[in-house]
Amino acid sequence: MSTKDNAAQMSFELHSAARLLRRNFDRRAKAHGLSRSRWQVLWHLAREQGQKQAELAERMDVAPISLARQLDNLQQDGLVERRPDPGDRRCFRIYLTDAAEPALDVLRGLALQTRTQALAGFSMEEVGQLQGLLERLRENLTREEA
């Protein structure tokens, strides 16, 4: 197999693995009543609270109107709150409420189960190598977009 074929196969495998990770996690989350759109918002906010709606939509790669509807639902359920942006009266920043913590605990457990399944048979050294390689790949792609 040529280097070009290896690179093409690597791209396919990476895409396929990411899709399977999402599908596996989605299946587990669905059993707890958490749709992908719902858990993704909670997950992104757990990583960085206080994002503007537009920033959050961009990071999630979703249409702002779709995110607004999801935030409406999450706010109605008491899991997130919109706070006025002190520097811009036209926008809001999004924060998790304390009521979101049980759902985040579930998500963390599901993530651990998914990772455990995905990395079965990998040594700690291999996991570290994989992480390093994926970080470099992400950095390369991020530079390309800039």
_Quick one about Gln113 and Gln117 (side-chain donor to acceptor, distance below 3.5 Å, no hydrogens or angles considered), yes or no?_
no

*Just checking, is any N or O donor in the side chain of Arg28 or Asn24 under 3.5 Å from an acceptor N or O on the other one?*
yes

Spacing of [atom1] belonging to [X] relative to [atom2] belonging to [Y], to within rounding of 0.5 Å:
| X | Y | atom1 | atom2 | answer |
| --- | --- | --- | --- | --- |
| Leu119 | Thr114 | CG | OG1 | 10.5 Å |
| Glu81 | Thr97 | CD | OG1 | 7.0 Å |
| Glu139 | Thr142 | CD | OG1 | 7.5 Å |
| Gln129 | Glu126 | CD | CD | 6.5 Å |
| Asp98 | Leu79 | CG | CG | 11.0 Å |
| Leu133 | Arg138 | CG | CZ | 12.5 Å |

Quick one: closest heavy-atom pair of [X] and [Y], and the distance?
| X | Y | result |
| --- | --- | --- |
| Ala118 | Leu21 | CB-CD2, 3.8 Å |
| Pro64 | Ala57 | CA-CB, 4.0 Å |
| Leu104 | Leu42 | CD2-O, 3.7 Å |
| His44 | Arg59 | CE1-O, 3.8 Å |
| Ala99 | Gly78 | CB-O, 3.5 Å |
| Leu71 | Val80 | O-CG2, 3.9 Å |

Surrounding [atom1] of [X] (heavy atoms of other residues, nucleotides or ligands, distance under 6.0 Å), is the total greater than 12?
| X | atom1 | answer |
| --- | --- | --- |
| Glu125 | CD | no |
| Asp61 | CG | no |
| Glu13 | CD | yes |

Find out whether [X] and [Y] are in side-chain contact, i.e. whether some heavy atom of one side chain is under 4.5 Å from a heavy atom of the other.
| X | Y | value |
| --- | --- | --- |
| Val62 | Gln70 | no |
| Leu137 | Leu14 | yes |
| Leu112 | Thr116 | yes |

*Check side chain to side chain contact (heavy atoms under 4.5 Å, CB included) between Arg36 and all other residues, then give those that pass, not counting sequence neighbours.*
Arg22, Asp26, Trp39, Gln40

_Arg108 bridged to Glu101 by N-O distance under 4.0 Å_ = yes

Side-chain donor-acceptor pairs of residues 86-95 under 3.5 Å, sequence neighbours excluded:
| residue | atom | partner | partner atom | Å |
| --- | --- | --- | --- | --- |
| Asp88 | OD1 | Arg90 | N | 3.0 |
| Asp88 | OD1 | Arg90 | NE | 3.0 |
| Asp88 | OD2 | Arg90 | NH2 | 3.1 |
| Arg93 | NE | Asp85 | OD2 | 3.0 |
| Arg93 | NH1 | Gly50 | O | 2.7 |
| Arg93 | NH2 | Asp85 | OD2 | 3.2 |

*Side chain of Gln53, backbone of Ala68: donor and acceptor closer than 3.5 Å?*
no

*asked:* side chain to side chain contact (heavy atoms under 4.5 Å, CB included) for Ile65 and Arg69? Distances and angles first, verdict last.
replied: CA-CA 6 Å; Ile65 191 69; Arg69 280 187 293 244; 4.0 Å; yes

